[in-house]
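So the structure is just underneath, and the comments pick up after that.
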Amino acid sequence: MLDARFVRENIELIKKSLDDRHYPVEIGEFLQIEEKRLAFQRASEELRNKRNVVSEEIGRLKSRKQDATPQIEAMQSVADQIKALDDQIKALEEKTGAFLLNLPNIPHESVPPGKDESENVEVRRWGEPRQFDFEPLNHWDIGELLDIIDFDRGAKIAGARFSLMKGMGAKLERALMNFMLDLNTSKGYKEVFPPILVNRESMTGTGQLPKFEQELFRIADPEFYLIPTAEVPVTNIHRNEILNEQDLPLSYTAYTPCFRREAGSYGKDVRGLIRQHQFNKVEMVKFVTPETSFDEIESLTGNAEEILQRLELPYRVIALCTGDLGFSSAKTYDLEVWLPGQQRYREISSCSNFTDFQARRANIRFRRQGKKGTEFVHTLNGSGLAIGRTLVAVLENYQQKNGSILVPAALRPYMDIEVIQ
RNA sequence: GGAGAGGUGGCCGAGCCGGUCGAAGGCAGCCGCCUGCUAAGCGGUUGUGGGGGUAACACUCCACCCAGGGUUCGAAUCCCUGCCUCUCCGCCA
């Protein structure tokens, strides 16, 4: 969320931002409503001041057993006026609040302009796609041939876009989680294991609600939301808190299952593990001071890249353009891993700087040493990495002619075997 | 699931038969004084958000005693709803 006063005073910047994002929002009304709201607020406060002064006098009179009837009668109408004004203020606030909640973050100046994903910019590549002396298989074929991924039974148990990991497939999944958590904690990230059902406030704090309700699984009674990413519970660790400058940056890593409706993606990636309703992910989340956040996104992305490097999986780094940038993000790098079965790079991580956008929604502040007042922190997060897609990449990149899978060296301590067959 | 207690400032903790309570007291922090040093002692000071104001301070107004409603001229104090914590009983592990 952006600050109401900031929007009031920087309306041209907001217009440009929305334009860059190709994000149509009607902002004409906002300024007028705000003006009205402020005028009503001033009027209401003036009346309250009057009421406070007279009420105090009434108290004094009564304690001296003197008559206060005229004062009380005069204040009755004032109370009514205040109430009427406050009702109007509340109605106006609802409008401006809804408007602000649906306003996306402002892209950073370094974000390449563009209308959609076709104009994203490749920043760098790492590793060479392997040359196969046979026709590489898709991971779903590999998974079924080795009997380590069972899509039919996943569908029987739950439905489409669910799968059952078996034997070495399940173990590989677990090995990847542990490998990533160990690497991240060795880089200074604190491991946490948060709730995966969260309340409405948390979902609003990180920006999933109210705009993206249709993406989420919800439990009706009592009301809970299933997290679509660990970003939600982990960022909300510090919701409504004031942190100390010397404690920043705070870095967390968490493994959680993630749940997504994937509404509107019918027909996309229907086969395989790429797009599931439930998937595992290790996430990294940072709380930093404003002046460091654009350096932090580079190091955060570097941390995610190192996971792929250690697994020796070829990938490229993509800078999302303004038109493809997520709602809450000011800048995002996607990591895309090479999938031989599909002969293309596929997203495996997304690293974003949300600047103070989430922090303002979630009210996460910090105090500078020796200074009065508070500021909003900047929050960042990145997948490090999506487990299911990493497993896909391992299967497809490490497949051998005889149908077996070579276990990447980095994972052998976690797998106790060298080959899945 | 049944019964009860409670949620107050950075922390502890009074107030809770409505009025001068932004809130006693203690601790912690900060600034002075004192002291050969440390400790103790003495005095002062310390929240957040939003308006107005200022070059920036100052200053000033409003709101905030878990959250949201209500009663009242006036609510930390009374009423309702929700959330959370704790205790006992029951149930399940």
| message | Under 3.5 Å for both donor-acceptor distances, Watson-Crick or wobble: does B:G1 have a partner, and if so which one? | response | B:C89
| field | Rounded distance in Å between the C1' positions of B:C62 and B:G25 | value | 29 Å
| said: When both hydrogen-bonding distances must be under 3.5 Å and the geometry is Watson-Crick or G-U wobble, what is B:G9 paired with, if anything? | reply: none
| message | Taking the minimum atom-to-atom distance to the side chain of A:Leu38, which one of B:G51, B:U48, B:G19 wins? | response | B:G51
| query | Which whole-number value in Å describes the distance from A:Gln66 CD to B:G19 C1'? | reply | 15 Å
| query | Would one find a side-chain N or O of A:Arg367 under 4.0 angstrom from OP1 or OP2 of B:U48? | reply | yes
| said: Checking side-chain polar atoms at under 3.5 Å, does A:Glu191 have a donor or acceptor matched by the opposite partner on A:Tyr252? | reply: no
| request: Could you let me know what B:C59 is paired to, Watson-Crick or G-U wobble, both distances under 3.5 Å, or none if it's on its own? | output: B:G52
| query | Within the pair A:Ser63 and B:U20, is there a side-chain N or O less than 4.0 Å away from OP1 or OP2? | reply | no
| query | Starting at CG of A:Leu47 and ending at P of B:G74, how long is that distance when rounded to a whole Å? | reply | 12 Å
| remark: Looking only at B:G74, B:G19, B:G50, the nucleotide nearest the A:Arg5 side chain is B:G50
| request: Taking only the side-chain nitrogens and oxygens of A:Lys83, find out if one of them lies under 4.0 Å from OP1 or OP2 of B:U71. | output: yes
| said: Does a side-chain N or O of A:Arg42 approach OP1 or OP2 of B:G52 to a distance below 4.0 Å, or not? | reply: yes
| said: Using modelled atom types and a 3.5 Å cut-off, is there a donor and acceptor pairing between side-chain atoms of A:Arg21 and backbone atoms of A:Gly326? | reply: yes
| request: Please check if the distance between the ring centroids of A:His108 and A:Phe294 is under 6.0 Å. | output: yes
| message | Looking at B:C73, which nucleotide sits across from it as a Watson-Crick or G-U wobble partner, both distances under 3.5 angstrom, or is there none? | response | B:G19
| request: Classify the side-chain pair A:Gln276/A:Glu262 by whether it contains a donor and acceptor separated by less than 3.5 Å. | output: no
| task | Taking the six-membered ring for Trp and the full ring for Phe, Tyr or His, determine whether the centres of A:Phe327 and A:Phe212 are under 6.0 Å apart. | result | yes
| request: Determine: side-chain N/O of A:Asn52 to OP1/OP2 of B:C62, distance under 4.0 Å, yes or no. | output: yes
| Candidates B:G50, B:A63, B:G49 - which lies nearest the side chain of A:Gln41 | B:G50
| said: Applying the Watson-Crick and G-U wobble criteria at under 3.5 Å, what pairs with B:G41? Answer none if nothing qualifies. | reply: B:C33
| task | Pick base, sugar-phosphate or nothing for A:Gln76, based on heavy-atom distances below 4.0 Å to the nucleic acid. | result | sugar-phosphate
| field | Any A:Asn49 side-chain nitrogen or oxygen under 4.0 Å from OP1 or OP2 of B:C61 | value | no
